[in-house]
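Written below as C-alpha cells is the structure these notes are about.
Letters A, B, ... mirror the listed sequences (proteins, then strands); counts begin at 1. In what follows, every heavy atom counts, from backbone to side chain, and hydrogens, waters and symmetry copies are set aside.
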Amino acid sequence: MTAVSVRLEGILESLNPQQRQAVTHTAGPLLIVAGAGTGKTATLAHRVAWLIAGGVEPSHILLLTFTRRAAAELLHRADLLLRRLYELGAEQGRGDTSTPGPRSTKVWGGTFHAVATRLLRQYGKAIGLSPDFSVLDRTDSEDLMNVVRTELGLAKNQKRFPKKGACMDIYSWCVNARDGLENALATHFKWCAPWHAELKQLFEAYVDRKEAMNVLDYDDLLLFWHGLLGHEQAGEHIRRQFQCVLVDEYQDTNRLQAEIIYRLCPEGRGLTVVGDDAQSIYSFRAATVRNILEFPKHYPDATVITLEKNYRSTMAILQAANKVISQARERFTKNLWSDRKQGQRPWVVYCEDDYDQANFVIERILAHRESGIDLRRQAVLFRASYHSMALEAELSRRDIPFHKYGGLKFVETAHVKDLLAFLRLAENPKDLVSGIRILPLLPGIGPAKARKLMDQLVQAEGKFAVWRTWTPPCEAAQTWKELVDLMESLASGSQPLSSQVHQVRVFYAPLLEANYDYPQGRLRDLEQLEIIASRYRNRQQMLLDMAIDPPSSTQDLAGKPVQDDDYLVLSTIHSAKGLEWDAVYVIHATDGNIPSDMATGSAEGVEEELRLFYVALTRAKSWLYVTVPTRYYTSWSSYHGQFGLPQLTRFLPDSVLQSFEIRNTALLDDDQTPEPELSIGSTRTVRQRTKNFF
DNA sequence: CTGTTGAAATTTTTT
DNA sequence: ATTTCAACAG
C-alpha cells in the first residue's frame, strides 16, 4: 500500500460501508440515494476530497448544489479533510511539509444558476451573448413581463387576462420543463388555456425585449448554458474542463437541468448525483422526481448506492417519519434506522388557536432552553411564510431573538430594489425595468413619461446627458437635474462602489420618505446596503450576487453574526431543506395548510405535500412537536375553506398517529419538562428575562 | 399624462 | 391585508 492510500484509509475510517463505497466509486455514473440524515453532506465532502487526493485537479471538479451556502459548507469540509490528510502524512514523516496539499477552493461550486452565470460570462460569446449581460431576478422578470403585457394591450381585456405572476409561471414552466405552451396550458394551467394565442404573442415579445436589453432571467441562465453545451467547440471545451460533476439534491432538479447534466456528462462519465426521492419538494419550479427515479434508465450502467443509516434522529422520530412517508405511492424503498436510543415519541399537540399554539411552542422552547438546548438548536417550521406571524409577534413581545428564513427577502423589499435599480441602470442603461422603476419615483413623472425617457436614453446609446434636453415641471426641475448628475456620475464609474451607494442613498432618501410609510426602518436597511457594498470590488459582481445569491435574511448581511448570539430559527419547510435541529416544532399542521389547499387539486400535488411534511419531520434530532390549532379567527383561514374548525392534516391518519403522543394544551401539566439530554451549560435563562418583562 | 381615490380581486413554496 | 384596476380631477 502506498503512503497516500494509507492516509486515505485513515480518512475513510469514520464512514460506514455504503458511504465508503460511494466515496471511492470509480467506474461509471453513480446515484447515491441518501435518506434524510444519512450523512449525505459528509459523503459528498469525502468524495470531493477523495477525488482531489487521487489526483483530480480541483478546477476540474464541478459541484452543483441547491444554495450557495451548501456549496460553501461542502467545500469547507472537503478542505478540512484534505488538510487532515496532509497533516497525517507529515506526522508520519512521509509527507513533504514544504508543499501545502491541494485545496478544494478551486473547485467550481454553487447553484446551477450561479455556475451558469460564470460560464456564460466566460464563453457566452460563442453563442452570441454579450458578456456584460445583467440578470433579472424573479420580480424583475415579472415587471418586464408586465411592461410587455401592457404594451400589447392585454391588460385591458373584457375578460381577465392572467396577471404578470401567472404569465411568468407559465413561461418559466415551459422553459424549465422543456414543455410546449399548448401542453403546459392543458396540463398545468387549465384556467389560462383560452389565452393560448395571446400568451404565445406575449412570450415572444418578452423574449425579444430581453434580448434588446441584454438581460437574462433565471430561466435563460439555464437555457443558455444548455445552448452553450450544444455548441460544438465551446461545449467540448467545457466538457473537457469538468472531469467530475457532482450534483446535490438531484430530486429537485428539473428537466432542463437534467438535460444540462446529460450534455455535460454524456453516458454519465464522471457523474455523481445525490438525492432523496422522498424529499422532492420543488415541483412548482418544474422539478421532477422522475429525474432521480429514472436515473438508472437514462444511464444504463449506473451504480445505485442507498444510504439508510440515519445519524440524526432518535428511533421514535424515525419510526413516525417512516410511517408518514410510507403513504407515498412511488419511491425507492428505503427504511431509515438509527443507533440512537428510542427517545421521546413525537407529540401531536392540539391547541385552542393560533395564539395558544404560539404560547405552547414558546413555553416548550424555553423549557428546552433551560435544560441546555440553546435557541440555536431549535427551530419552528411552517408551510407558508405568513404562518409564523402570530408567533413572531409573541416572540418579539417576550424579547426572544429569532431569525427567519424564507418568505420575503431583504433584497426583495421595495426600497432595496429601488436603490439597486439606480446602480443597475448605471451599469446597463438599456435596462428598461430599472428605469421604469426609478423614474416614476420623481414628482411629475408617471409610467408614460418614464417610457419616453427610457426610449430616448436607448436612442442616445446610454448617454444620460440626453435627459437634460427634457424640461420637467418647474417644481421638479431641481430634483431632475440632481438625478441626471447622479446617473452620469454613477455611469462614469469613477467612484468606489460604497460611495456610489452613498450617493444614491443621499439622493433617494427624500423620495423614500415621500413614497413609503415607516421610512426609518427602510433607511436603516439602505445604510446596511452601503456596508455590504464596501465588501464588493465591482458593481457588476454585487448586482449579480444580489440577483442570484441574495442573502437569505437580514442577519446574513450584517457581516458575521456575533459568536454567542443565540437565536431561534423560524423557517418555511422549503428553506429548512438539508438542515437539522435538536428540537423541531411543525406548526399549523392542519388540512388546508399541510397539505396547502392550493396543492390539493391533483394527486401529485398532494403527494408532494406529503413529502414536504416528511421533510419537516425529519429535521428533528431528539424532540419533535406537531401542533394543530383547532380554531382560526383570522380571515385567511376562512379563505382556506374551513369555517373556523380546521382538521388535523390528512397525513396523520389514526394508523400513523399511533407513533405519536397526543396532547392537548388545555390538559397539559406545567411540570412536563423535557428530560435534559446534556449536562446544563449556561444558567442564564430566557425565561428569567421574560419574567422581568412584566 | 399624472396622481389620487375607491372598489375588487387574490392570498405557497424559490433559483 | 395587500395588490391591482378603473375612474376621475387637475
Side-chain angles (χ1 to χ4, degrees), chain A residues 64-70 110-117 135-142 146 149-150 155-157 160-166 168-169 172 175-176 216-222 249 252-254 256-257 280-287 381-387 389 405-409 411-412 414 439-452 472-473 475-476 514-515 517 544-550 552 571-577 588 592-600 605 608-609 611-613 615-616 634-641:
Chain A
L64 293 165
T65 55
F66 209 68
T67 62
R68 172 173 48 183
R69 251 182 56 200
T111 60
F112 274 83
H113 296 84
V115 169
T117 309
V135 174
L136 301 181
D137 70 12
R138 172 65 196 223
T139 349
D140 300 330
S141 315
E142 280 181 12
N146 206 31
R149 184 173 168 265
T150 315
K156 237 177 113 87
N157 254 308
R160 310 183 55 80
F161 189 76
K163 297 267 174 57
K164 62 180 179 186
M168 205 56 224
D169 283 343
S172 254
V175 174
N176 286 289
L216 302 185
D217 62 18
Y218 286 152
D219 309 323
D220 288 336
L221 290 174
L222 300 182
E249 309 283 9
D252 283 322
T253 55
N254 56 44
L256 179 54
Q257 288 169 319
S280 168
I281 55 176
Y282 275 86
S283 72
F284 69 91
R285 238 166 67 183
L381 306 182
F382 34 85
R383 176 64 179 85
S385 182
Y386 63 87
H387 287 164
M389 272 169 10
Y405 290 91
L408 193 70
K409 294 203 189 84
V411 289
E412 286 163 353
L439 291 169
L441 291 169
L442 308 204
I445 301 181
K449 192 78 224 175
R451 281 306 306 270
K452 282 226 181 77
E475 80 272 13
N515 285 288
D517 298 332
L544 270 182
D545 265 19
M546 291 299 154
I548 296 171
D549 271 318
S552 52
S571 175
T572 58
I573 301 174
H574 282 92
S575 297
K577 183 160 100 156
H588 289 292
N593 289 326
I594 308 177
S596 163
D597 271 337
M598 327 293 308
T600 48
E608 172 147 321
E609 299 283 309
R611 295 191 294 263
L612 195 58
F613 188 49
V615 168
T634 43
S635 59
W636 59 262
S637 68
S638 61
Y639 269 109
H640 286 266

A/Ile548 side, atom CD1; A/Tyr218 side, atom OH - distance, nearest 0.5 Å: 7.5 Å

Value rounded to 0.5 Å, distance of CG in A/Leu439 from CD1 in A/Ile445: 5.5 Å

Distance test, side-chain N/O of A/Arg149 to OP1/OP2 of C/dC5, below 4.0 Å: yes

Span that lies between the C1' atom of C/dC5 and that of B/dT12, in whole angstrom: 24 Å

Residue list, salt bridge (charged side-chain N to carboxylate O under 4.0 Å, His left out) with A/Glu609, at least two apart or on another chain: A/Arg383

Nucleotide nearest A/Ala384 (side chain, heavy atoms from C-beta), chosen from B/dT13, B/dT15, C/dT4: B/dT13

Distance below 4.0 Å between A/Lys163 side-chain N/O and B/dA9 OP1 or OP2: no

Separation of C/dT4 P from A/Phe161 CZ (nearest whole Å): 16 Å

Sugar-phosphate, base or nothing in reach of A/Lys164, heavy atoms under 4.0 Å: sugar-phosphate

Counterpart residues, salt bridge (charged side-chain N to carboxylate O under 4.0 Å, His left out), relative to A/Lys577 (two or more places apart): A/Glu249, A/Asp252

B/dT13 base stacked by A/Phe284 (centroids within less than 5.5 Å, tilt under 30°): yes

Which residues share a salt bridge (charged side-chain N to carboxylate O under 4.0 Å, His left out) with A/Asp169, sequence neighbours left out: A/Arg138

Short side-chain N/O contact to B/dT15 OP1/OP2 from A/Thr67, under 4.0 Å: no

Length of the line joining A/Asp169:CG and B/dT12:C1', which is rounded to integer Å: 11 Å

Distance in angstrom units between A/Ile548 CD1 and B/dT14 C1', rounded: 14 Å

Pull out every protein N or O sitting under 3.5 Å from an N or O of nucleotides 7-9 of chain C, one pair per line with the distance.
none

Distance below 4.0 Å between A/Thr572 side-chain N/O and B/dT12 OP1 or OP2: no

Ring pair (Phe, Tyr, Trp, His ring centres under 6.0 Å) against A/Phe66, all qualifying residues, sequence neighbours excluded: A/Tyr282

Distance, rounded to the nearest Å, where A/Leu612 contributes CG and B/dT12 contributes C1': 10 Å

Nucleotide-resolved protein contact map, nucleotides 1-8 of chain B, B/S/- at heavy-atom distance under 4.0 Å: SSS-----

A/Asp549: partners by side-chain contact (heavy atoms from CB on, under 4.5 Å), with sequence neighbours left out: A/Arg68, A/Thr111, A/Ala114

Rounded distance (Å) that lies between atom P of B/dT10 and atom CG of A/Asp597: 16 Å

Qualifying residues under side-chain contact (heavy atoms from CB on, under 4.5 Å), relative to A/Thr150, sequence neighbours excluded: A/Asn146

Gap between atoms CD and P, on A/Glu142 and C/dT4 respectively (whole Å): 9 Å

Minimum-distance pair of heavy atoms, taken over all atoms of A/Thr572 and A/Ala384: CG2-C, 4.5 Å

Residues in salt bridge (charged side-chain N to carboxylate O under 4.0 Å, His left out) contact with A/Asp220, at least two apart in sequence or another chain: A/Lys210

Separation of atom CD1 in A/Ile281 from atom C1' in B/dT12, rounded to whole Å: 12 Å

Pair of N/O donor and acceptor under 3.5 Å linking B/dT13 base with A/Arg383 side chain: yes

Interatomic distance where NE2 belongs to A/His588 and P belongs to B/dT13 [whole Å]: 13 Å

Touch class at under 4.0 angstrom, heavy-atom based, for A/Phe112 against every strand present: nothing

